[in-house]
Amino acid sequence: MAHIVILGAGTGGMPCAYEIREMLATEHKITVINERDYFQFVPSNPWVAVGWRDRDSITFDIRPHLERKGINFIAKRCTRIDAANNRMEMEDGETVNYDYLIIATGPRLAFEEVEGSDPKLGHTQSICTVDHAEKAYEAYKGLLQDPGQVIIGAMPFASCFGPAYEFTFIIDADLRKRKMRDKVPMTFVTSEPYIGHLGLGGVGDSKGFLESDLRAHHVNWITNAKVTKVESGKMYVEEYDDSGHLRKEHELAFKYTMMLPAFKGVDAVANVEGLCNPRGFVLVDSHQRNPTYPNIYSAGVSIAIPPVEATAVPTGAPKTGYMIESMVTAIVHNIADEIAGRELSTNATWNAICLADMGDTGAAFVALPQMPPRNLAWFKKGKWVHMAKIAFEKYFIRKMKRGTSEPIYEKYILKMLGIGKLK
């Protein structure tokens, strides 16, 4: 009998638990460890931050859904991984032994890298967790009472830029519905070298599309932007040219700001010698397996993927839903093969697919593969994407509650986009 432990119960960890339970015989034990006892559908956080959703609509208790499928659940924070001895330590001193460990923790939000940027200080907001999104909504209600300059964007070393664009257009749409948009100047401040880079070197005509939409919605922007400090009502930004030379320094006043932070690996993972790169992301081979500790696998935001290209201000590569789904499936098949004594044979397809809501319309992009040169670079927009994002939210949450493992992207999203199965 093997004991498989999954660290993390997000959009990678939960599907992984269901899929591996279906794949392996019941004699094998599966345990999910997560520091919180609830699942949160992170892609809906921009809606929470303007009051279009609430916590109850995008979260649910994890335990009953996992245990109904015969999966153990521990709602505690892991503080240490003893990889040499296949053991984990929890915050209360409890230890858990494993035969295989799957790391799907998501990131640690590295607010400390920009002085004053932690939402706890109240200067700026985040939408990376439902707690942050609720706090951002409270601050947004203050903006509605006292309108003024809004700044939205991404800090240096950020790697998931889509939510910043989404939130920009969602706030724009909400303010227009309230007939208040004329009272709120908006500026998009990003570490990307150009609008629509997305950490991917652009996808199709994402640069042209997004620049055009920002102009049409009266949003100014600063690219190659390195935010160095945030104070109450003021943001300090260094703007660089493409060669990395300082071009201009800005002191930007604001009434409301939401900036996506840099990501790093969570401490318990990052502290394991030989497991991670310098920023704490797990190194994996083509089978999603760590080269130093071959019984440790990883999927999602927690893995190390090099930047698509060097940029004047550091940017990371995003890990989107289809990539995560593909990584999880590869891990499940490879662990099943290893337990059965077979050669590992399944590789993930690192393709990027994203549905981005824009308030009353939306944008979809596909990058195949994620790293250029690509076989396919596709970017489209329309109200249908907005509707598809809503449908995806409802379907994914229902799937996590039911405990099914069908591949959402392969079965539904790709058909909807008219692309077919990606190889």
Side-chain angles (χ1 to χ4, degrees), residues 107 109-117 124 149 151-165 167-168 185-215 219-231 234-254 257-264 277-281 301 304-320 350 352 354 356 363 365 367 369-374 377 379:
L109 307 176
F111 294 114
E112 77 281 358
E113 296 192 342
V114 177
E115 182 182 347
S117 67
T124 185
Q149 175 72 51
I151 300 174
I152 299 172
M155 300 290 193
F157 283 104
S159 58
C160 189
F161 297 93
Y165 286 101
F167 195 52
T168 299
M186 295 177 67
T187 302
F188 191 78
V189 176
T190 179
S191 53
E192 299 163 275
Y194 53 83
I195 294 298
H197 181 275
L198 302 171
L200 294 167
V203 179
D205 191 27
S206 58
K207 181 178 187 292
F209 269 120
L210 289 172
E211 282 188 352
S212 177
D213 278 348
L214 289 176
R215 286 193 192 95
V219 179
N220 300 316
W221 65 78
I222 303 172
T223 55
N224 274 332
K226 180 182 180 182
V227 180
T228 59
K229 185 179 179 181
V230 184
E231 297 176 346
K234 186 175 289 187
M235 181 180 296
Y236 296 84
V237 180
E238 295 176 350
E239 181 183 353
Y240 290 82
D241 64 21
D242 290 338
S243 299
H245 300 115
L246 182 62
R247 178 182 173 187
K248 189 176 181 180
E249 293 182 291
H250 303 264
E251 292 186 11
L252 305 176
F254 62 83
T257 181
M258 193 293 295
M259 298 293 292
L260 298 178
F263 289 173
K264 298 185 79 172
N277 71 3
R279 290 191 66 81
F281 295 113
V301 180
I305 297 180
V308 170
E309 60 186 357
T311 52
V313 179
T315 59
K319 293 99 172 183
T320 58
W350 284 9
C354 183
F365 70 79
Q370 173 164 288
M371 296 292 187
R374 300 183 174 114
F379 189 98

Heavy-atom distance under 4.5 Å between the side chains of I151 and T124, does that happen here?
no

Hey, could you give me the CG/OG1 distance between L200 and T320, rounded to the nearest 0.5 Å?
7.5 Å

Distance, nearest 0.5 Å, that separates CG of L210 from CD1 of I195
7.5 Å

So V227 and Y236, side chain to side chain contact (heavy atoms under 4.5 Å, CB included) or not? Walk me through it.
CA-CA 6 Å; V227 180; Y236 296 84; over 6 Å; no

Which heavy atom of E192 sits nearest a heavy atom of H197, and at what distance?
OE2-N, 3.3 Å

Can you name the closest pair of heavy atoms from P318 and C160 and give their distance?
CB-CA, 4.4 Å

Return the minimal non-hydrogen interatomic distance between M259 and A154, and the atom names on each side.
CE-N, 3.4 Å

Check whether any side-chain heavy atom of T311 sits under 4.5 Å from a side-chain heavy atom of Y240, and report yes or no.
no

Scanning both residues in full, the closest heavy-atom pair of A304 with W350 reads O-CH2, 4.5 Å

Do any N or O atoms from the side chain of S117 and from the backbone of F111 form a donor-acceptor pair under 3.5 angstrom?
yes

So L198 and F365, side chain to side chain contact (heavy atoms under 4.5 Å, CB included) or not? Walk me through it.
CA-CA 10 Å; L198 302 171; F365 70 79; 4.0 Å; yes

Heavy-atom donor-acceptor pair, S191 side chain to T315 backbone, under 3.5 Å
no

Whether the N224 and D241 side chains hold a donor-acceptor pair (N or O, under 3.5 Å, no angle test) is what I'd like checked.
no

Just how far is it from atom CE of M235 to atom CD1 of I222, taken to the nearest 0.5 Å?
9.5 Å

Please list, one pair per line, the donor and acceptor atoms closer than 3.5 Å that link side chains of residues 246-254 to other protein atoms, with sequence neighbours excluded.
{"residue": "R247", "atom": "NH1", "partner": "E239", "partner atom": "OE2", "Å": "3.3"}
{"residue": "H250", "atom": "NE2", "partner": "E239", "partner atom": "OE1", "Å": "2.7"}

Locate the shortest heavy-atom distance separating G196 from Y165; write the atom from each residue and the value.
N-OH, 2.9 Å

To the nearest 0.5 Å, how far apart are CE in M186 and CD1 in I152?
4.0 Å

Nearest heavy atoms of Y194 and G201, plus distance in Å:
OH-O, 2.9 Å

I'd like to know if the side chain of T190 and the backbone of G153 have a donor-acceptor N/O pair within less than 3.5 Å.
no

NZ (K264) with more than 12 external heavy atoms under 6.0 Å
yes

To the nearest 0.5 angstrom, please state how far the CG atom of N220 sits from the CZ atom of F188.
12.5 Å

Within this structure, what is the OG1-CG distance for the pair T223 and D242, rounded to the nearest 0.5 Å?
7.5 Å

Not counting sequence neighbours, list each pair that qualifies as a side-chain hydrogen bond (donor to acceptor under 3.5 Å, both in side chains) and has a residue in residues 198-208.
K207-E211

Cation-pi check, K319 to F281: give yes when NZ or CZ is under 6.0 Å from the six-membered ring centre and within 45° of the ring axis, no otherwise.
yes

